[in-house]
Amino acid sequence: MFSHVFVGVSDFRRALAFYRSVLPILSLQERFCDTGRPWAGWQTASSRRPLFLIGTPHDGRAHDSGNGQMTAFLAESREVVDKAYAAALAGGGVSEGEPGLRPEYHANYYGAYFKDTEGNKICVACHSAP
């Protein structure tokens, strides 16, 4: 469905450290990192697309996180949601909703919400029954 999702950052090195601690828990592998540009991308082992990318805005202006925008990652299990959330908070993220069931979405929706080091809202969700 998606080719890639690009999330803007201002402090690339701080954001890179954050995502390097969270994304491997979600079985995403770093595909590249170019600190000169600066940008980095992750993908699953089985496919080159979609990509999740972080970087400074192309227009050279400062990054500004949007209200109402969120990137949600799929987790294989509820345990993975818990681990990713813990890594996010340990890496400087801010909680936007602890891991738990969200039955208003559907009976098996188990998710956690946090903001990354740049203020971007991120979700990690599992849709499977325990």
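Computed over heavy atoms, backbone and side chain alike; hydrogens, waters and symmetry mates excluded.
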Residues that P38 engages under side chain to side chain contact (heavy atoms under 4.5 Å, CB included), provided they are two or more places apart: F12, T56
Qualifying residues under side chain to side chain contact (heavy atoms under 4.5 Å, CB included), relative to N67, sequence neighbours excluded: none
Report yes if the side chains of [X] and [Y] come closer than 4.5 Å at any heavy-atom pair, otherwise no.
X    : Y    : result
L26  : V124 : yes
Y110 : R102 : no
W42  : L53  : no
H106 : H127 : yes

Can you tell me which residue pairs pass the ring-ring contact (aromatic ring centres under 6.0 Å, His included) test with a partner in residues 62-94, sequence neighbours excluded? F52-F73
Identify the heavy atoms of V94 and L89 that sit nearest to each other, and give their distance. C-CD2, 3.8 Å
More than 12 foreign heavy atoms under 6.0 Å from CD of E79: is that the case here? no
R31 atom CZ, over 12 foreign heavy atoms within 6.0 Å: yes
Give the intermediate values and the outcome of side chain to side chain contact (heavy atoms under 4.5 Å, CB included) for residues V80 and R78. CA-CA 5 Å; V80 169; R78 294 175 182 192; over 6 Å; no
Give, for atom CG of L74 and atom OG of S128, the distance between the pair rounded to the nearest 0.5 Å. 7.5 Å
Rounded to the nearest 0.5 angstrom, the CG-CD distance for L23 and Q43 is 12.0 Å
Applying side chain to side chain contact (heavy atoms under 4.5 Å, CB included) to N120 and T71, what does each step give before you reach the verdict? CA-CA 8 Å; N120 297 301; T71 300; over 6 Å; no
Sort and list the pairs that fulfil salt bridge (charged side-chain N to carboxylate O under 4.0 Å, His left out) and have at least one residue in residues 32-60, not counting sequence neighbours. D59-R61
Going through the checks in order, is the side chain to side chain contact (heavy atoms under 4.5 Å, CB included) test met by T117 and D11? CA-CA 8 Å; T117 58; D11 187 331; over 6 Å; no
Residue pairs passing the side-chain hydrogen bond (donor to acceptor under 3.5 Å, both in side chains) test with at least one member in residues 14-28, sequence neighbours excluded, are R14-E118, Y19-D116, R20-E30
V5 with Y113, same ILVMFWY side-chain cluster at under 4.5 Å: no
Residues that H58 engages under ring pair (Phe, Tyr, Trp, His ring centres under 6.0 Å), provided they are two or more places apart: none
